[in-house]
Amino acid sequence: MSKVITSRAEDYSKWYNDIVKRANMADHSAVRGCMVIKPYGFAIWENMRDQLDAMFKETGHVNASFPLFIPKSFLSKEAKHVDGFAKECAVVTHHRLMNNPDGEGIVVDPDAKLEEELIVRPTSETIIWNTYRDWIQSYRDLPLLINQWANVVRWEMKTRLFLRTAEFHWQEGHTAHATSQEAVDETVQMLNVYATFAEEYMAMPVIKGVKTANERFAGAEDTYTIEALMQDAKALQAGTSHFLGQNFAKAFDVKFANENNKEEYVWATSWGVSTRLIGGLIMTHSDDEGLVLPPKLAPTQVMIIPVPKPDETINAAVDKVMAALKAKGIRVKYDDDPKKRPGFKFAEHEMHGIPVRIAIGKRDLEKNVVEVARRDTKEKTSVPMDGIDDYIEQLLVTIQQNLFDTAAKYRDEHITKVENMEEFKSVLDGKGGFISAHWDGTSETELKIKEMTKATIRCIPLDNPKEDGQCVLTGNPSTQRVLFAKAY
RNA sequence: CGGGAUGUAGCGCAGUCCGGUAGCGCACACGCCUGGGGGGCGUGGGGUCGCAGGUUCAAAUCCUGUCUUCCCGACCA
């Protein structure tokens with residue numbers, strides 16, 4: 001049992017915070033609701049970002065950068081969009097400071113008021129579509145497939161490290177298409193990219209689905225989502241991909257001439273994932289000993305520890321092992337700090353979620369073996385030095401798969417079919433997780449259930465089988481089940 | 001924005017009721033011992049006690065004001 005991390009059973013929220021802090025991922029900053037992402041946390045984000053970026057490029061997208069600020073008037077051009085974001089915007093009103101004429105410090109210079117206030121972007125649809133107007137004239141300019149890596153600000157009332165912060169890092173893809181179908185295809189394609197990334201790299205199983213009108217992105221025709229389940233049986237919206245229809249094209253007057261020289265409004269998508277994924281990564285795999293990272297995203301995959309401390313014989317053996325592992329492209333480090341004891345290092349690297357530990361001591365060397373420990377299962381095995389590179393290479397694959405399988409099993413065990421509100425409430429208050437239930441398709445019912453239980457419809461799964469039934473709340477006819485859950 | 005807490009060393013806390021010039025654990029620095037799961041002993045450095053006023057010979061402690069952060073609500077792709 002860890003000496004510095006609160007157990008999940010004792011206090012799940014505290015456990016989460018302890019992991020973030022003890023694993024050196026992030027800290028609260030001096031700015032309300034904003035976090036400092038520390039080098040280790042950022043290294044994980046860089047690995048996620050690099051992989052996603054490669055996947056975006058494989059699907060034909062390119063990166064660009066748009067302004068941090070958005071003129072206030074832009075935001076209000078799409079009515080639903082402004083409704084969705086108005087309450088959480090940071091606003092720049094002045095451009096100059098001056099010495100306080102009445103005393104200490106500096107004050108805002110009242111003469112430096114901006115003609116038009118600037119909004120710190122909560123998302124970039126408006127500034128981007130205002131720009132696309134100038135870029136798109138003909139169907140030959142389409143599709144336009146652009147992504148940007150950026151930070152955005154949403155003035156949330158209640159924040160949590162990585163899961164919901166006032167400022168966060170993300171990517172936002174913004175694409176323009178000649179036809180509705182092409183835009184819908186793009187929306188689904190990017191949802192699939194996200195799902196592949198979540199499952200194959202984060203080892204986090206997700207359910208792909210569509211949001212209900214209530215949960216839809218402000219300004220979208222349809223919002224597709226990937227939903228994951230955390231270890232406390234609450235759902236996490238891990239990524240969204242929006243079919244925006246012609247809403248933004250109409251708001252910003254973006255038209256193109258089609259093959260018949262007829263003017264049409266452009267069809268749009270936008271899609272994003274954020275540093276929130278790191279929160280999902282933590283809550284999917286980690287345990288009471290600390291962070292657990294999937295090998296594909298771990299900044300360091302293998303840590304070698306000399307026992308009890310480095311010396312010439314051990315160092316020589318380590319050099320050989322490291323060279324062999326590096327030749328396989330494995331990210332390996334040697335903790336040769338002579339001042340720290342092995343037990344301390346074991347605990348420390350477990351806290352940081354490093355997937356594999358290799359301990360090398362004199363006893364091992366006499367037998368020409370090393371001790372290999374897995375972070376996911378805590379299993380320790382004595383492994384011959386010869387062929388250690390192949391062994392570790394395979395082990396990393398095994399760990400990656402095991403993390404996914406374990407999470408998928410937990411998730412599958414936490415999808416429960418219910419037929420009425422009694423069952424609904426008892427499952428929700430008991431084991432939690434996703435509740436698969438019939439719903440009559442109305443916003444009123446959805447909101448009523450939210451009010452009664454705090455559970456929302458996370459999504460209507462894409463591969464949902466049609467099934468006649470009766471709404472859990474109203475008894476009205478329904479054609480399919482939807483997934484409810486309490487969510488982050 | 002309502003209700004409740006909180007603020008003392010980098011972190012976690014005691015001291016406040018009953019005023020007398022600040023302490024413990026961890027961390028940090030140095031030394032010695034130790035060494036296959038978070039070592040031991042010793043020495044040492046580090047604090048305008050959230051901020052601003054006030055009472056007093058004397059304020060972390062009492063009084064007034066103010067701010068911060070956290071929790072519960074409200075709010076929230």
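Reminder, nothing fancy here: chain letters follow the sequence lines and each chain counts from 1.
With both ends at atom P, the span from B/G45 to B/G23 equals 12 Å, rounded to whole Å. B/U66 and B/G39: their P atoms are spaced 49 Å apart (whole Å). For B/U6 and B/G42, the P atoms lie 35 Å apart once the distance is rounded to whole Å. With both ends at atom P, the span from B/C26 to B/U43 equals 14 Å, rounded to whole Å. B/A60 and B/G20 have their P atoms separated by 9 Å, given to the nearest Å. Taking the C1' atom of each, B/G38 and B/G25 are spaced 16 Å apart, rounded to whole Å. Nucleotides B/C49 and B/U8 place their C1' atoms 4 Å apart, quoted to the nearest Å. Comparing B/A14 with B/C75, their C1' atoms are spaced 38 Å from each other, to the whole Å.
Listed by chain and number, the residues in a side chain to side chain contact (heavy atoms under 4.5 Å, CB included) with A/Arg363 amount to none (sequence neighbours excluded). Taking A/Glu10 as the reference, A/Thr6, A/Ser7 meet the side chain to side chain contact (heavy atoms under 4.5 Å, CB included) condition, with sequence neighbours excluded. Scanning for side chain to side chain contact (heavy atoms under 4.5 Å, CB included) contacts around A/Asn192 gives A/Val188, A/Lys208, with sequence neighbours left out.
For B/G53, the paired nucleotide is B/C63, the pair qualifying as Watson-Crick or G-U wobble because both relevant distances are below 3.5 Å. When both pairing distances are held under 3.5 Å, B/A74 makes no Watson-Crick or G-U pair with any nucleotide shown. B/G25 and B/C11 make up a base pair, with Watson-Crick or G-U wobble contacts both under 3.5 Å. Across all strands shown, B/G31 forms a Watson-Crick or G-U wobble pair, both distances under 3.5 Å, with B/C41.
Residue A/Trp170 is in base contact, counting any heavy-atom pair closer than 4.0 Å across all strands shown.
For the residue pair A/His61 and A/Gln171, no side-chain donor N or O sits within less than 3.5 Å of a side-chain acceptor on the partner.
Taking the six-membered ring for Trp and the full ring otherwise, the centers of A/His174 and A/Phe66 sit at least 6.0 Å from each other.
Residue A/Ile5 contributes atom CD1, which lies 12 Å from atom C1' of B/G38 at whole-angstrom precision. Distance CE (A/Met303) to C1' (B/G37): 16 Å, rounded to an integer number of Å. Atom pair A/His352:NE2 and B/G38:C1' shows a separation of 14 Å (rounding to whole Å applied). The separation between A/Glu289 atom CD and B/G38 atom C1' is 11 Å, rounded to whole Å.
Judged by closest nucleotide on RNA chain B, A/Ala347 is the one of A/Arg164 and A/Ala347 placed further toward the 5' end.
Relative ring orientation between A/Trp170 and A/Phe168 is described as perpendicular, the plane-to-plane angle rising above 60° on a 0-90° scale split at 30° and 60°.
Remark: side-chain polar atoms of A/Thr269 are not paired, donor with acceptor, to backbone N or O of A/Phe243 under 3.5 angstrom.
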Determine whether A/Phe252 and A/Tyr132 satisfy the following criterion, ring-ring contact (aromatic ring centres under 6.0 Å, His included), listing intermediate values before the conclusion. CA-CA 9 Å; A/Phe252 288 90; A/Tyr132 281 2; over 10 Å; no

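RNA chain B lies under 4.0 Å from no heavy atom of any residue of residues 15-23 of chain A.
Between the side chain of A/Glu350 and the base of B/G38, no donor-acceptor pair under 3.5 Å is found.
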Which pairs, protein N/O on one side and nucleotides 26-36 of chain B N/O on the other, fall under 3.5 Å?
{"unit_1": "B/U34", "atom_1": "O2", "unit_2": "A/Arg341", "atom_2": "NH1", "d": "2.7"}
{"unit_1": "B/G35", "atom_1": "O6", "unit_2": "A/Lys309", "atom_2": "NZ", "d": "2.4"}
{"unit_1": "B/G35", "atom_1": "N1", "unit_2": "A/Lys309", "atom_2": "NZ", "d": "3.3"}
{"unit_1": "B/G36", "atom_1": "N7", "unit_2": "A/Arg363", "atom_2": "NE", "d": "3.4"}
{"unit_1": "B/G36", "atom_1": "O6", "unit_2": "A/Lys362", "atom_2": "N", "d": "3.2"}
{"unit_1": "B/G36", "atom_1": "O6", "unit_2": "A/Arg363", "atom_2": "N", "d": "2.6"}
{"unit_1": "B/G36", "atom_1": "O6", "unit_2": "A/Asp364", "atom_2": "N", "d": "3.4"}
{"unit_1": "B/G36", "atom_1": "N1", "unit_2": "A/Asp364", "atom_2": "OD2", "d": "2.5"}
{"unit_1": "B/G36", "atom_1": "N2", "unit_2": "A/Asp364", "atom_2": "OD2", "d": "3.0"}

Restricting to nitrogen or oxygen on both sides, can you table the protein-nucleotides 70-75 of chain B pairs closer than 3.5 Å?
{"unit_1": "B/C72", "atom_1": "OP2", "unit_2": "A/Lys158", "atom_2": "NZ", "d": "3.3"}

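For A/Arg357 and A/Phe346, the positive end sits near the middle of the six-membered ring, less than 6.0 Å away and at most 45° from its axis. A/Phe344 does not carry A/Lys340 over the face of its six-membered ring by the limits of under 6.0 Å from the centre and within 45° of the normal.
A salt bridge does not link A/Lys80 with A/Asp83: none of the charged nitrogens is closer than 4.0 Å to a carboxylate oxygen. Comment: A/Glu125 does not engage A/Lys77 in a salt bridge, judged by the lack of any side-chain N to carboxylate O separation of less than 4.0 angstrom.
Partner of A/Met351 under the side chain to side chain contact (heavy atoms under 4.5 Å, CB included) criterion, out of A/Ile5, A/Asp18, A/Ile19: A/Ile5 alone.
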